[in-house]
Amino acid sequence: MIRVTLPDGSAREVARGTTPADIAAAIGPGLAKAAIAARVDGELRDIMRPIESDANLALVTTRDEADALELARHDFAHVLAEAVQSLFAGTQITFGPSTDDGFYYDFAPPAGRGPFVDDELPLIEAEMRRIIAADQPLVREVWSRADLITKWQADGESFKAEWAAELPENEELTVYRSGDWMDMCRGPHLASTGKLDPAAFKLMRVSGAYWRGDQKNAQLTRIYGTGWLNKKQLDAHLMRLEEAAKRDHRRIGQDMDLFHLQAEAHGSVFWHPNGFVIYRALEAYMRRRLDAAGYLEVKTPQIMDARQWEQSGHWGKYRENMFVIPDEVPNTEDEGPVISDKAEWMALKPMNCPAHVLIFRQGIKSYRDLPLRLAEMGCCHRNEPHGALHGLMRVRQFTQDDAHIFCREDQIVDEVAKFCDLLDVIYKDLGFADYAIKLALRPEKRFGTDEMWDWSEQSMRDAVAATGRNTPEWGWEELPGEGAFYAPKLEFHLTDAIGRTWQVGTIQTDTVLPERLDAAYIGEDGAKHRPIMLHRAILGSYERFIGILIEHYAGRFPVWLAPVQAVVATIVSDADAYGEQVTAKLKAAGIRVTSDFRNEKINYKVREHSLAKVPHLLVVGMREAEEGKVAIRSLGSDGQRIMTLDEAIAMLVGEATPPDLKDATI
RNA sequence: GCUGCUGUAGCUCAGUGGUAGAGCGCGUCAUUGGUAAUGACGAGGUCGGGAGUUCAAUCCUCCCCAGCAGCACCA
């Protein structure tokens with residue numbers, strides 16, 4: 001007999017080999033029906049898996065949503081794999097986990113045919129529903145490694161055989177059977193396919209993926225699905241996707257005439273007047289914040305000699321992402337190559353840091369000059385892989401809100417703390433209340449000694465600890481292998497209005513670049529010392545950050561950022577003269593205002609400017625003209641407020657004031 | 001860069017082996033209307049680029065380019 005302790009503290013003596021399902025049945029028929037899995041000593045397990053020794057047991061039901069979803073999605077992945085193999089003989093299975101909103105499975109399609117395509121998804125879905133309807137038990141079996149490898153080889157499953165051979169020695173190899181079909185899997189699973197809701201999943205798309213995530217390996221076909229516990233959840237998820245699509249910055253950018261992209265300059269942004277208003281408002285705001293925080297703004301060359309990039313290390317570690325250009329007058333004759341093979345190379349800057357070190361190196365620096373904070377709205381070019389480009393979010397030419405802080409070791413903690421405070425204020429001003437802090441540790445491809453990395457990683461930990469932000473409430477975690485090649489990165493991840501996260505801010509402790517470019521200052525002791533260099537950005541890039549802002553606000557910007565802050569619309573043409581006056585006064589007050597005196601009905605004007613997301617519509621007819629008033633209709637509210645022109649101007653000026661200028665105490 | 005899908009008017013999209021269509025937008029005219037679409041008429045397209053098959057290609061084939069989704073990449 002073994003002793004099983006339940007969550008309420010009660011214990012039961014049961015025979016060894018009793019399953020959680022048996023225990024659920026013994027407790028009551030309701031629970032037996034609801035239970036879908038079990039946590040045995042905290043580990044999620046199959047409900048039919050026998051308990052072999054004394055244990056704490058908690059039965060898992062569909063009310064334990066996180067566990068239930070995880071199980072269901074994992075099962076959907078298996079059902080998908082079974083469906084594909086039953087429809088397409090000769091397909092090899094590989095690997096198929098659950099994801100944040102569903103599941104996927106990677107397949108090697110049968111020899112002689114191409115990848116699966118979107119059009120085949122409905123067929124596969126139908127087969128999945130058949131398997132679910134068949135309510136096949138999912139049975140766990142433990143296999144010996146040798147038997148399993150033999151079995152996979154016999155079945156022509158070379159990927160599975162390879163995987164089985166490489167699993168760790170001490171790992172128990174398990175398979176799950178669903179009828180005649182089986183997959184190697186750690187589990188756990190639901191008791192049978194019939195536990196899945198056939199209306200709670202949808203296959204979304206196919207794509208390529210590499211075996212074991214490595215570009216050098218075979219390319220597989222990945223089929224993605226979204227899976228839930230019931231149709232209601234699925235529908236809600238599909239609705240959320242639609243919501244996100246409506247916020248897409250590319251869509252809104254076009255609708256609001258903010259920017260465009262085109263093939264002739266792919267990866268670079270054409271900012272239209274409306275979009276550039278946002279850009280300039282943001283830039284002006286950032287300049288004021290940086291000035292106040294003791295940064296000195298600089299501007300550095302766009303093109304530098306390859307020798308400089310060799311010295312900084314970018315030529316060796318980063319060249320594949322650089323735009324390299326010849327330092328030679330192009331041949332203007334019709335004959336011969338435009339550029340000879342003797343040309344020396346230059347490159348567009350992919351980063352601002354080396355240039356900032358070069359400024360630091362001009363003249364002799366004293367410890368009294370530190371910390372020296374050099375900021376640049378640095379326009380960088382990176383030769384990104386074509387498949388990576390995405391709207392404003394991933395471009396090849398972008399402007400960083402970059403700065404480098406040159407300081408002594410003993411100033412790091414203070415500087416990181418000041419940076420965190422500045423960033424906190426800026427994110428809140430821009431409408432982001434939530435963000436998480438993470439520390440990205442040394443990557444495989446890197447500069448510097450292990451001792452330097454030990455030191456700089458620890459200095460970051462210490463600095464964050466000093467600000468009290470290294471806690472779960474701040475989303476604190478360490479990310480091994482994710483750092484930059486020259487330094488560990490402290491990362492700041494924003495949460496937007498619909499719960500997505502974006503890594504934007506970063507600060508990095510770098511000892512490598514000052515060394516390579518020989519930056520030094522004279523210390524109190526009269527000797528030369530290396531400064532520490534802190535690379536830091538708050539927005540990341542203006543392009544991407546504005547993309548994030550567009551999606552966060554769904555185009556409904558706060559008034560201080562809105563391209564057009566107000567429109568004066570007349571009801572009848574007799575009010576145009578008054579409308580002109582209103583417009584002129586608003587302009588004089590610094591409001592970005594346009595007027596709409598077109599020969600259209602007021603309904604039409606209201607609709608058009610509302611769809612254009614103009615924050616305030618000032619409607620004037622003869623009544624307003626006679627009384628010196630305006631009727632204000634604000635975005636997001638149906639009603640109108642009648643107020644005097646002076647009241648309206650005071651209100652608009654208040655809303656149009658950037659947040660840093662509102663509070664005179666900062 | 002890899003896999004799949006897509007590319008037709010400013011935008012959203014329909015369509016056909018015999019050189020194209022809708023709605024919105026745009027222009028003109030009429031209408032002066034009080035808070036989410038007034039009506040009529042009109043202009044507007046080398047059907048992403050190149051090559052091939054064909055009597056004939058926007059449509060079929062091949063190559064290229066770009067966009068989208070995912071993968072890889074994200075210093």
Side-chain angles (χ1 to χ4, degrees), chain A residues 99 104 106 109 114-121 204-224 245 248 250-251 254-255 257 260-267 312-314 316-322 350-351 353 380 382-391 393-396 398 400 440 443 445-447 482-487 489 503 506 508 535 540-541 544 569-576 597-612 617-624 631-635 637-642:
Chain A
T99 63
Y104 66 81
D106 289 347
F116 302 116
V117 296
D118 289 332
D119 291 346
E120 288 167 322
L121 296 182
M204 303 299 280
R205 62 181 79 90
V206 298
S207 77
Y210 300 104
W211 170 236
R212 300 182 154 191
D214 190 330
Q215 214 163 354
K216 291 188 200 77
N217 291 339
Q219 180 139 24
L220 307 169
T221 303
R222 175 170 299 179
I223 299 180
Y224 279 92
D248 191 308
R250 294 164 299 185
R251 162 97 261 130
Q254 188 176 69
D255 289 348
D257 195 18
H260 85 270
L261 300 157
Q262 68 179 60
E264 288 71 14
H266 75 291
S312 69
H314 290 82
K317 283 273 194 293
Y318 201 64
R319 193 168 65 227
E320 64 186 24
N321 284 299
M322 290 165 69
M351 301 185 201
C353 26
C380 294
R382 294 183 188 176
N383 202 343
E384 303 282 4
H386 290 199
L389 301 176
H390 178 86
M393 300 304 188
R394 191 80 179 271
V395 289
R396 304 210 294 183
F398 57 95
Q400 292 181 311
K445 213 174 149 186
R446 62 175 182 261
F447 279 145
E482 305 258 316
F485 68 75
Y486 49 82
K489 285 199 299 189
Q503 197 238 298
T506 178
Q508 305 156 14
H535 304 245
S541 93
R544 179 161 174 272
T570 48
I571 294 171
V572 293
S573 50
D574 285 346
D576 289 359
F597 301 159
R598 289 176 303 172
N599 178 13
E600 295 291 349
K601 294 192 172 177
I602 193 61
N603 286 315
Y604 182 88
K605 295 184 184 181
V606 166
R607 175 181 157 82
E608 190 163 280
H609 300 300
S610 298
L611 290 174
L617 190 55
L618 279 62
V619 177
V620 298
M622 289 317 290
R623 282 209 298 274
E624 287 75 17
I632 294 196
R633 183 190 171 106
S634 301
L635 192 60
S637 63
D638 284 337
Q640 13 171 341
R641 286 170 291 169
I642 312 287

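Proteins come first, then strands; the chains are lettered A, B, ... in the order of their sequence lines, and each starts at number 1.
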Using only side-chain N and O atoms of Arg633(A), determine if any of them is under 4.0 Å from OP1 or OP2 of A36(B).
yes
Shortest side-chain distance from Ser610(A), nucleotide among U32(B), A66(B), A36(B):
A36(B)
Assess whether ring-ring contact (aromatic ring centres under 6.0 Å, His included) is satisfied between Tyr224(A) and Tyr104(A), documenting all intermediate values.
CA-CA 4 Å; Tyr224(A) 279 92; Tyr104(A) 66 81; 5.4 Å; yes
U32(B) OP1/OP2 closer than 4.0 Å to side-chain N/O of Tyr604(A)
no
Can a salt bridge be assigned to the pair Glu608(A) and Arg598(A) using a cut-off of 4.0 Å between side-chain N and carboxylate O?
yes
Pair Arg394(A) + Glu384(A): basic N to acidic O under 4.0 Å
yes
With a 3.5 Å limit on both atom pairs, tell me what U35(B) is paired to, counting Watson-Crick and G-U wobble, or say none.
none
From the set A72(B), C68(B), A66(B), return the single nucleotide nearest to any side-chain atom of Ala263(A).
A66(B)
Under the criterion salt bridge (Lys or Arg N to Asp or Glu O under 4.0 Å), I'd like the reasoning laid out for Asp214(A) against Arg212(A): C-alpha separation, chi angles, the key distance, then a yes or no.
CA-CA 6 Å; Asp214(A) 190 330; Arg212(A) 300 182 154 191; over 6 Å; no
Please give the nucleotide sitting opposite C73(B) as a Watson-Crick or G-U wobble pair, both distances under 3.5 Å, or none.
none
Judged by atom type as modelled, is there a donor-acceptor pair below 3.5 Å linking the side chain of Arg446(A) to the main-chain atoms of Pro443(A)?
yes
May I ask which nucleotide in the shown strands pairs with A57(B), Watson-Crick or G-U wobble, both distances under 3.5 Å?
none
Rounded C1' spacing from A37(B) to G44(B) in Å:
22 Å
Kindly say if His390(A) contacts the phosphate of A69(B), meaning a side-chain N or O under 4.0 Å from OP1 or OP2.
yes
Pick base, sugar-phosphate or nothing for Gly213(A), based on heavy-atom distances below 4.0 Å to the nucleic acid.
sugar-phosphate
Protein-nucleic acid N or O pairs under 3.5 Å, nucleotides 46-49 of chain B:
none

Gap between atoms CZ and C1', on Arg396(A) and A66(B) respectively (whole Å)
12 Å
Determine the interatomic distance between P on C24(B) and the same-named atom on A66(B); round to the nearest Å.
35 Å
note: Arg251(A), atom CZ; C11(B), atom P; distance rounded to Å ~ 10 Å
Residue-phosphate contact under 4.0 Å: Asn603(A) side-chain N/O, A36(B) OP1/OP2:
yes
Minimum-distance nucleotide (side-chain atoms of Lys601(A) versus G33(B), G70(B), G34(B)):
G33(B)
Gap between atoms CZ and P, on Arg222(A) and U3(B) respectively (whole Å):
16 Å
Quick one: does Arg607(A) reach the base of A37(B) with a side-chain donor-acceptor pair under 3.5 Å?
yes
Please evaluate the base of G34(B) for a donor-acceptor partner in the side chain of Glu624(A) within a cut-off of under 3.5 Å?
yes
Applying the 3.5 Å cut-off to both distances, the Watson-Crick or G-U partner of C41(B) turns out to be G27(B)
Counting heavy atoms from C-beta on, name the nucleotide in U35(B), A66(B), C11(B) closest to the side chain of Gln254(A).
C11(B)
Assigned partner base of U46(B), Watson-Crick or wobble definition, under 3.5 Å
none
U61(B) and A43(B), which share atom name P, separated by this distance in whole Å:
36 Å
Measure from NE2 on His314(A) to P on C74(B) and round the result to the nearest Å.
14 Å
If only side-chain N and O atoms of His386(A) are considered, is one of them under 4.0 Å from the OP1 or OP2 phosphate oxygen of A66(B)?
yes
Atom pair distance, as rounded to whole Å: CD1 in Ile223(A) and C1' in C71(B):
15 Å
Rounding to an integer number of Å, can you tell me how far Ile602(A) CD1 sits from U32(B) P?
16 Å
Among the nucleotides C74(B), U32(B), U38(B), whichever has the atom closest to the side chain of Arg394(A) is C74(B)
I want to check one thing: is the phosphate of C74(B), taken as OP1 and OP2, less than 4.0 Å away from some side-chain N or O of Arg544(A)?
no
Among A66(B), A69(B), C71(B), the one nearest any side-chain atom of Tyr224(A) is C71(B)
Pairwise C1' distance for A57(B) and G48(B), with rounding to whole Å
16 Å
Between atom CD in Glu608(A) and atom P in U38(B), what is the gap in whole Å?
11 Å
Any strand is fair game: report the nucleotide pairing with C68(B) by Watson-Crick or G-U wobble, both distances under 3.5 Å, or none.
G4(B)
Take atom P in G10(B) and the same atom in G27(B), then report the distance between them in whole Å.
15 Å
What is the separation between atom CZ on Arg598(A) and atom C1' on C26(B), rounded to the nearest whole Å?
11 Å
Quick one: do Asn383(A) and Met322(A) satisfy side-chain contact (heavy atoms from CB on, under 4.5 Å)? Show the steps, please.
CA-CA 5 Å; Asn383(A) 202 343; Met322(A) 290 165 69; 5.9 Å; no
May I ask which nucleotide in the shown strands pairs with A22(B), Watson-Crick or G-U wobble, both distances under 3.5 Å?
U12(B)
What I want to check is whether an N or O donor and acceptor connect the side chain of Thr221(A) with the base of U3(B) at under 3.5 Å.
no
Does the G1(B) base have a donor-acceptor partner in the side chain of Tyr210(A) within less than 3.5 Å?
yes
